[in-house]
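The analysis underlying the following values was restricted to heavy atoms, covering all of them including side chains, and did not include hydrogens, waters or symmetry mates. Predicted model only: the values in this text are computed from it and were never measured. Protein chains get the first letters and strands the later ones, always in sequence-line order, with residue 1 at the start of each.
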There are 2 protein chains.
Amino acid sequence: MARTQGSHSELTAPRIRAAALKLFARHGYAAVSMRQIAKDVGLQAGALYNYTPDKQSLLAELMRAHMEDLLAARAEAASAQLAPLEALAGFVRFHIGFHIERPEEVFIAYMELRALEPDNFADIEALRRRYEDELEAILRRGAAAGVFAVEDPKIATLAVIAMLTGVNTWYRAGGRLSLEEVEEIYWGMVRRAVGA
Amino acid sequence: MARTQGSHSELTAPRIRAAALKLFARHGYAAVSMRQIAKDVGLQAGALYNYTPDKQSLLAELMRAHMEDLLAARAEAASAQLAPLEALAGFVRFHIGFHIERPEEVFIAYMELRALEPDNFADIEALRRRYEDELEAILRRGAAAGVFAVEDPKIATLAVIAMLTGVNTWYRAGGRLSLEEVEEIYWGMVRRAVGA
DNA sequence: GTCTATAAAACGATAGAC
DNA sequence: GTCTATCGTTTTATAGAC
């Protein structure tokens with residue numbers, strides 16, 4: 001039961017990730033020092049390097065984990081093959097719900113792409129592209145079936161995702177609208193926007 | 001005609017702003033040093049302080065100028081009082097056109113808000129709010145007249161602006177679609193989204 | 001108005017004791 | 001695994017010569 005010096009590492013790694021996540025989201029990757037992260041965790045700066053080879057890897061791992069969480073959650077939510085209208089409704093609600101639950105990860109994933117070195121950037125972009133393809137496939141299916149009227153499925157995909165992700169810029173739990181009401185309002189706008 | 005030492009200051013100020021704009025947009029405010037900006041202009045770092053009291057003011061002035069340009073251009077474009085449908089079409093085309101012409105300013109204005117000190121942040125936020133109010137007023141007028149079906153004009157405002165500003169993340173001049181085609185596609189989505 | 005030089009502090013990352 | 005200490009570099013900003 002008694003812990004000796006340095007024995008609680010299995011708790012330290014997630015605490016470092018949590019501190020980096022919070023500070024990167026709040027101040028930006030470039031503006032946050034390793035010393036600030038260490039102080040937030042209660043360590044000296046040098047100790048961080050037992051958990052990450054460098055600052056860049058810490059950022060890249062946060063972003064990779066977020067994108068993989070997103071794809072895994074989406075794969076589960078979309079396991080059933082639905083008609084285009086129901087599939088689109090499911091995507092809209094999934095996207096809003098998932099993103100609202102993780103405002104810090106979402107903020108970093110969209111704002112710190114330019115802070116990634118080329119290899120990390122390519123990895124994260126590929127994951128993001130896979131996610132966008134999920135929505136694009138729904139819109140193409142619906143357009144082919146004649147239930148959606150989208151002039152350009154790729155642009156409609158990007159437009160819908162931009163609109164939905166924008167919820168994160170203003171929604172606050174406990175505000176005027178519940179999450180369910182927000183999802184309903186956005187679903188209405190998306191449904192009409194794609195001519196369904 | 002011959003210039004003596006230090007005589008070309010009237011050209012230096014805009015060159016500093018242009019360099020800061022380019023570098024802040026590309027790498028982020030915190031990641032750009034005064035030395036980098038000076039090198040881009042062809043100066044030593046200390047010379048920049050003849051033009052700005054500090055780095056923060058340089059960012060704040062870039063953002064303020066952008067927001068004031070936006071409001072002035074919008075005021076001119078919207079000088080005529082139109083019916084809600086035509087006013088909305090005008091706003092959509094104005095927003096896309098203005099933002100596409102200034103990708104660096106737009107990127108900074110959205111990404112570097114957190115880098116602003118509190119007083120500067122409040123100033124910029126107030127300007128942004130004035131711009132959003134222009135669209136909200138159009139949506140409220142249209143809803144009151146029964147030509148739009150928006151459940152919540154404030155949320156619809158934020159949703160439309162997020163969607164339109166998202167064009168900047170993917171549009172490149174010379175690509176598959178002309179700017180006019182893009183404006184037309186987005187106008188179609190916005191028009192349907194608001195139930196017009 | 002720009003230069004060189006520098007002050008004072010902070011940066012990422014490492015070495016070695018424990 | 002974390003500490004103290006430090007290396008080598010870079011940072012913002014200023015001082016004073018020209």
When you measure from the side-chain N and O atoms of [X] to the phosphate of [N], is any distance below 4.0 Å, counting only OP1 and OP2?
| X | N | answer |
| --- | --- | --- |
| Tyr49(B) | dA15(D) | no |
| Gln44(A) | dT2(D) | no |
| Ser33(A) | dC11(C) | yes |
| Thr12(B) | dG1(C) | no |

Just call it for Val41(A): base, sugar-phosphate, or nothing, with non-hydrogen atoms closer than 4.0 Å on any strand.
-> nothing
Without swapping roles, check the side chain of [X] against the backbone of [Y] for a donor-acceptor pair under 3.5 Å.
| X | Y | result |
| --- | --- | --- |
| Tyr29(A) | Ile108(A) | no |
| Gln56(A) | Glu117(A) | yes |
| Asn168(A) | His99(A) | yes |
| Arg15(B) | Val41(B) | yes |

Which residue lies more 5' along DNA chain C, comparing Pro53(A) with Gln36(A) via nearest heavy atoms = Gln36(A)
Of Lys55(A) and Gly42(B), whose nearest nucleotide on DNA chain C comes first from the 5' end?
-> Gly42(B)
Rounded to the nearest angstrom, tell me the gap between atom [atom1] in [X] and atom [atom2] in [N].
| X | N | atom1 | atom2 | value |
| --- | --- | --- | --- | --- |
| Ile37(A) | dA10(C) | CD1 | C1' | 15 Å |
| Met34(B) | dA7(C) | CE | P | 21 Å |
| Arg35(A) | dT10(D) | CZ | C1' | 12 Å |
| Leu48(A) | dT4(D) | CG | P | 14 Å |

